[in-house]
Amino acid sequence: MTNVLVTGVARYLGAHLAARLAADPRVERVIGVDAATPPTELAQVLGDVDVHRIDLHNPGMLRLIVDGEVDAVAHLAVATAVDQQGGGRTAIQQGGGRAAMKELNVIGTMQLLAACQQTARLRKVVVRSSTAAYGASFRDPAIFTEDTEPREVPRGGFAKDVLDIEGYVRGFRRRRPDVAATVLRFAPFIGSSAETRLTRYFTAAVVPTVFGRDPRLQFVHVDDAFEVLHRAVVEQHPGTFNVAGSGVLTLSQAVRRAGRVAVPILEPGLSTFAGVARRAVSLDQLDLFVHGRVVDTTRLVEEFGFEPRSTSEAFDEFIRGQGSDALLGPDVVRAVERSILNKIRQVRAVRAALEASSD
Amino acid sequence: VTEPAVASGDVWDDRVAGALAFLRERLTGDYEVDEFGFDRHLTEGMFLPLLRPFYRTWFRTEVSGVDHLPKEGPALVVANHSGTLAVDAVMLSVAVHEETPASRFLRLLGADLVFRLPVLSELARKSGGTLACNPDAERLLAAGELVGVFPEGFKGIGKPFAERYKLQRFGRGGFVSAALRTGTPIVPAAIVGAEEIYPMIGNVRPLARLIGAPYFPVTPTFPWLGPLGLLPLPSKWLIEFGEPISTLDYVDSADDPMVVFNLADQVRETIQQTLHRLLERRPDAFSA
């Protein structure tokens, strides 16, 4: 029987993982922490979870871990972007935005791992990371394995945070080799229930893309992400793992499958725009849409004995869940095709009739 | 997927129906792209039909030694590079697809400049290319693909016309270690004809530096005739695939610089000699 502490329970991912773990008979008790109060729809999910509203860098964290006799920590309080629904992610309100995001991601992880380091009982740490850890460079190989080092320090804030977070985990591993530390590098999440920046992007009427670039994208279905997180917490899988659906969709292909219309924009203009209006377009997103990102998941499949559904399946499931408000759905295209073919047939029939009558 | 068929038997009707089906599959994203970004649907449906007239009519390409390419499984095709623009790489992959019984695809390894440029980078990926780096080369070879590489790089493609058919240095022989590590045979390929398509008689270095290109070519038609200067001259092309060089005996020596260097040199010599032999067969660069 294990006691688990989950951070970031005021967000979708943290709340649902905490609920899943609470329902698992192998787990005795789940403590959920977040600097913010979970919104009502998540609070309903968290019925069996012992929720504490506390900052990661509050000294009380250590008490919580020790008194709660915590065996495993799942660290999900990582913000991927500046814009935050719900607000008040951190107690530090200095300017909010990027500063608050960095505070949560980098300082939060550092403090949490420092607390973890001091607790003798702890056996497992699971940290949410991202495939953004591979950075973005034109000299990158097409497919990243867990051993690929980033060639250039990425310009996006989240990607920089991810590198810092993983750096702290490396330090933690050195100091506490007895604790199994699992780092999960997730591809962007997609699914019919979760709403993310990316799902909002693919449901907009017109979709901005970068001119002359058609990045290869990978997604992971949110439910598969939960499965992997769940297994990492209750089983024993130390190491760093890419978590993504196998296969690839190019951005143009994904936009077409979603029945949307892509509007290519010149990259220099977008970069400037992203520099000025960080809330609208982040450099992280821009890098993804220029370089794309594909990872090898062999290590995950072998170690976890679990294969997430493919990128294409995950995306199609998301599209099905969206209903049919598509501008250019497959039905429309098929109907146009059929009508053209019918027109040709009609013209031919008329011509054949004319030729027959003139003979 | 049910194909709306026109049962008229008319060849044009079939073509129209085929084109519409292709267009529908494009518009709805109903095709597969591999992890390197290779879009077989687009390559077969659009790129190859556009390139075939150049391959057959414009350059009148003659290919020999196709039997030296494996019917299935991996091989590393190493070829000479020339012609100011990498038309030779494109034609080599058309040759592989047209002449091999299984219509195989040649997966080209390109310089990072290619992947830096918008549009071009995507054309390269969609037609099966990827960045020339060992992880990608080894991954493609391990997956049983035919991989094409031009070790001369910009030194070969950007050399002046006066130095035509003189092989340049082969770099550090990274391609050899990729073949060694995967135990893949190396197939040397000699391409004659590409040197004459854009004869480079000058190189405006300051302009090249300004736009960040390795060279800024001056040919008899470029830049004088503007975009018309981009039309390649209709030289006669000969491509020969040489006997495969087995690497199985050296699998453990992928990190041994002497082994790598010697193998690279052997490949280079083979290509150079084949080029001389092919040139004797083609006394006139623009012959039929």
Side-chain angles (χ1 to χ4, degrees), chain A residues 137-145 147-148 151 210-218 246-260 264 266-267 290-292 294-296 311-312 315-316 319 326 328-338 340-342 344-345 348-349 352, chain B residues 1-8 10 12-13 15-39 41-42 107 109-126 129-140 143:
Chain A
S137 148
F138 292 109
R139 291 180 298 134
D140 281 333
I143 293 117
F144 300 109
T145 66
D147 302 320
T148 316
R151 274 182 181 270
V210 181
F211 171 78
R213 304 283 180 192
D214 194 11
R216 295 159 299 132
L217 304 177
Q218 269 184 329
S246 62
V248 160
L249 283 178
T250 64
L251 179 58
S252 66
Q253 193 181 11
V255 169
R256 287 167 188 168
R257 284 195 182 187
R260 306 287 146 179
L266 285 174
E267 210 251 315
V290 169
H291 298 268
V294 178
V295 296
D296 183 309
T311 285
S312 166
F315 193 76
D316 288 346
I319 295 303
L328 205 64
D331 305 332
V332 179
V333 176
R334 211 173 268 277
V336 170
E337 182 191 14
R338 217 165 277 143
I340 293 176
L341 287 174
N342 285 335
I344 293 176
R345 233 170 283 162
R348 273 189 185 280
Chain B
V1 179
T2 51
E3 302 294 322
V6 181
S8 69
D10 185 291
W12 280 103
D13 278 6
R15 274 187 200 172
V16 169
L20 282 175
F22 177 76
L23 215 59
R24 184 217 336 128
E25 282 156 10
R26 292 314 299 176
L27 281 176
T28 52
D30 185 13
Y31 48 88
E32 298 288 320
V33 174
D34 86 356
E35 53 184 2
F36 292 90
F38 173 43
D39 188 336
H41 186 254
L42 191 65
R107 310 296 299 267
L109 302 182
D112 59 342
L113 179 69
V114 172
F115 296 94
R116 215 170 274 278
L117 298 172
V119 183
L120 187 63
S121 56
E122 301 318 314
L123 290 176
R125 283 221 175 273
K126 284 178 199 291
T130 191
L131 180 74
C133 62
N134 276 17
D136 282 12
E138 283 164 33
R139 204 178 173 89
L140 281 167

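Sequence lines set the chain letters: A, B, ... in the order given, protein chains first and strands last, and positions in each chain run from 1. Because only heavy atoms are used, hydrogens play no part in the values below, and waters and symmetry mates are left out as well, while side chains stay in.
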Q: Measure N134(B) against the heavy atoms of chain A and call it side chain, backbone, both or neither at under 4.5 Å.
A: neither

**Q.** Spacing of CG belonging to L42(B) relative to OG belonging to S252(A), to within rounding of 0.5 Å
**A.** 9.0 Å

Q. In Å and rounded to the nearest 0.5 Å, what is the CZ to OG1 distance from R334(A) to T28(B)?
A. 7.0 Å

Q) Non-hydrogen atoms of chain A under 4.5 Å away: do they reach the side chain of L113(B), the backbone, both or neither? A) neither

Q | Nearest heavy-atom neighbours spanning G29(B) and R257(A) | A | O-NE, 2.7 Å

Q. Taking atom CG of D30(B) and atom CZ of R256(A), what is their separation to the nearest 0.5 Å?
A. 11.5 Å

**Q.** Pick from S137(A), P215(A), G212(A), S246(A) with the largest number of heavy-atom pairs that fall under 4.5 Å of chain B
**A.** G212(A)

(Q) Using modelled atom types and a 3.5 Å cut-off, is there a donor and acceptor pairing between side-chain atoms of Q253(A) and backbone atoms of Y31(B)? (A) yes

Q.
Between R26(B), R125(B), E122(B), who has the most heavy-atom pairs with chain A when the cutoff is under 4.5 Å?
A. E122(B)

Q) Between E35(B) and R216(A), is a side-chain contact (heavy atoms from CB on, under 4.5 Å) present by the stated rule, with each step listed? A) CA-CA 8 Å; E35(B) 53 184 2; R216(A) 295 159 299 132; 5.5 Å; no

Q: To the nearest 0.5 angstrom, please state how far the CZ atom of R24(B) sits from the CD1 atom of I340(A).
A: 11.5 Å

Q | Interface residue of largest heavy-atom contact number with chain B, from T148(A), V294(A), I143(A), D140(A), under 4.5 Å | A | I143(A)

Q. For the side chain of D136(B) and the backbone of A142(A), is there at least one donor-acceptor N/O pair under 3.5 Å apart?
A. yes

Q: Starting at CG of L20(B), measure out to CD1 of I344(A) and round the result to the nearest 0.5 Å.
A: 6.5 Å

Q) With only heavy atoms counted, which part of L131(B) is less than 4.5 Å from chain A, the side chain, the backbone, both or neither? A) side chain

**Q.** Structural part of R116(B) lying under 4.5 Å from a heavy atom of chain A
**A.** both

Q) Taking all non-hydrogen atoms of both residues, which atom of F138(A) and which atom of F115(B) are closest, and how far apart? A) CD2-O, 3.1 Å

